[in-house]
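Structure first, then comments.
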Amino acid sequence: MKTTQVTLNTYQDVSLMATSYEPDTPPTATILYLHGGGLEFGQREDLPSAYIEKFIAADIQLFTFDYLLAPEVKIDVILPVLRDSIQTMLAKTAHASRMILMGRSAGSYLAYLLQRDGLKVEGFIDLYGYSGLDYPEFRMPTEFYDRFPKVLPMNAQALIQRQPLVAGDMKDRYPLYVSGRQFGTWLSQFLPSMREATTYSLTPTELSRLPRTLLLHSTADPDVPFAAAQVALNALPDAELIALDQSEHDFDREATTANLAIYDHIIDFIVTPDIDVQATA
């Protein structure tokens, strides 16, 4: 496996980079990967190495991308800068003709928006993501996060940096996200205006134009409602849903035996375009 880091562009003197993981043989597909973190924390190098090794063993190339984080930067800037990064990566780096977009949580959300706005890929892997923002859990105080110590809005405000960020450690940035979910202010932390929530949500018609998609979501997800996967499943033209009977949001954060088997399903989806992954509504 060959690993290369590439600088793609800059925003206010902050470099945005990608990492390329290449198999030793010509790749049969290329994954464009976007990390999760509520748009406020996380980093491009968050995939466990065991998953990366599985992709490489299957002759799948992997590109992982930086993107600007909120609330230092809002979604109206995050999205076009990320789109430019992806276009630059594809223009300057050899890649397979078959491209697969893959996102986890907020990364999946960005992936939906990128596709709506013109990014063409052969397939999409949505790990516990969402295609829109019209869920009560996103707009109101969330019971799950009320179990955490309260992070008052004024304390969350103190965590916001003066300069844009492309990576944020969970220990430093997670309280910012927790505060947004505790007080129902999360959307305002990344939207230019609350009036623009529909602008940054896909309609059923827009979802119907997306490519073949594999959705993976826990049925009792305490963070992103399972209804988000069901909405996508009903509107996408060619979608399969693996519904996990558990209450974890980012269920794949550790490379357990069960999760490695799930990634085998993901690889099957990529390497066999017409495979019938069992769907569950």
Side-chain angles (χ1 to χ4, degrees), residues 1-9 15-37 41-68 81-115 119-129 166-167 210-216 242 250-256 259-273 275 277:
M1 175 174 63
K2 179 182 178 183
T3 304
T4 308
Q5 293 189 354
V6 182
T7 300
L8 301 174
N9 58 19
S15 295
L16 289 97
M17 302 180 66
T19 302
S20 169
Y21 301 89
E22 300 177 49
D24 296 329
T25 54
T28 59
T30 297
I31 295 174
L32 313 177
Y33 170 74
L34 303 174
H35 68 82
F41 61 96
Q43 56 282 321
R44 73 177 188 276
E45 307 288 16
D46 72 338
L47 269 179
S49 60
Y51 300 154
I52 297 173
E53 291 165 5
K54 271 189 172 292
F55 289 139
I56 297 302
D59 292 328
I60 298 169
Q61 182 181 30
L62 175 68
F63 294 160
T64 66
F65 291 88
D66 284 338
Y67 57 82
L68 295 163
V81 172
L82 174 58
R83 183 170 58 245
D84 288 348
S85 292
I86 292 173
Q87 291 172 343
T88 300
M89 187 71 176
L90 296 177
K92 71 189 301 183
T93 309
H95 56 86
S97 59
R98 294 184 58 243
M99 288 193 297
I100 307 294
L101 194 54
M102 172 177 166
R104 295 160 94 198
S105 198
S108 283
Y109 171 59
L110 291 173
Y112 276 110
L113 293 172
L114 287 166
Q115 292 176 95
L119 179 62
K120 300 299 183 184
V121 293
E122 183 175 304
F124 174 36
I125 300 162
D126 170 6
L127 286 143
Y128 38 89
V166 295
L210 268 55
R212 179 171 166 267
T213 300
L214 176 64
L215 305 123
L216 303 98
I242 296 178
D250 52 339
F251 60 81
D252 63 333
R253 64 181 176 272
E254 294 182 4
T256 63
N259 287 335
L260 288 169
I262 288 171
Y263 271 72
D264 285 334
H265 279 289
I266 291 173
I267 289 170
D268 287 343
F269 173 84
I270 295 170
V271 302
T272 313
I275 192 168
V277 179

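By convention here, the first residue in the shown sequence is residue 1.
A donor-acceptor pair is defined here as one N or O able to donate and one able to accept, closer than 3.5 Å; no such pair exists between the side chain of T4 and the backbone of S20. Here the side chain of T272 pairs no donor or acceptor atom with the backbone of I270 at under 3.5 angstrom. Although no hydrogens or angles enter the test, the distance criterion places no donor-acceptor pair under 3.5 Å between the side chain of D66 and the main chain of A167. With hydrogens and angles ignored, the 3.5 Å screen pairs a side-chain donor or acceptor of Q61 with a backbone N or O of A94. In this structure a side-chain-to-backbone donor-acceptor pair under 3.5 Å is present from D126 to G129. R83 places no side-chain N or O within 3.5 Å of a backbone atom of L119 that could act as its donor or acceptor partner.
Residues passing the ring-ring contact (aromatic ring centres under 6.0 Å, His included) test with H95, sequence neighbours excluded: none. Listed by chain and number, the residues in a salt bridge (Lys or Arg N to Asp or Glu O under 4.0 Å) with E122 are R98 (sequence neighbours excluded). Every residue was checked against the ring-ring contact (aromatic ring centres under 6.0 Å, His included) condition with Y33, not counting sequence neighbours, and none meets it. Partners of Y51 according to the ring-ring contact (aromatic ring centres under 6.0 Å, His included) rule, which considers only residues two or more places apart in sequence or in another chain, are Y263. Residues satisfying the salt bridge (Lys or Arg N to Asp or Glu O under 4.0 Å) test with D59, not counting sequence neighbours, are none.
With values rounded to the nearest 0.5 angstrom, L90 atom CG is found 10.5 Å from S85 atom OG. For the atom pair OH (Y21) and OG (S49), the distance works out to 9.0 Å, reported to the nearest 0.5 Å.
Relative orientation of the H35 and Y67 rings is parallel, given thresholds of 30° and 60° on the angle between their planes.
Screening residues 22-35 for salt bridge (charged side-chain N to carboxylate O under 4.0 Å, His left out) gives no qualifying pairs among residues at least two apart or on separate chains.
Counting only heavy atoms from C-beta outward, the side chains of I242 and I262 never approach each other to under 4.5 Å. Put simply, the side chain of D252 reaches to within 4.5 Å of the side chain of Y128, judged on heavy atoms.
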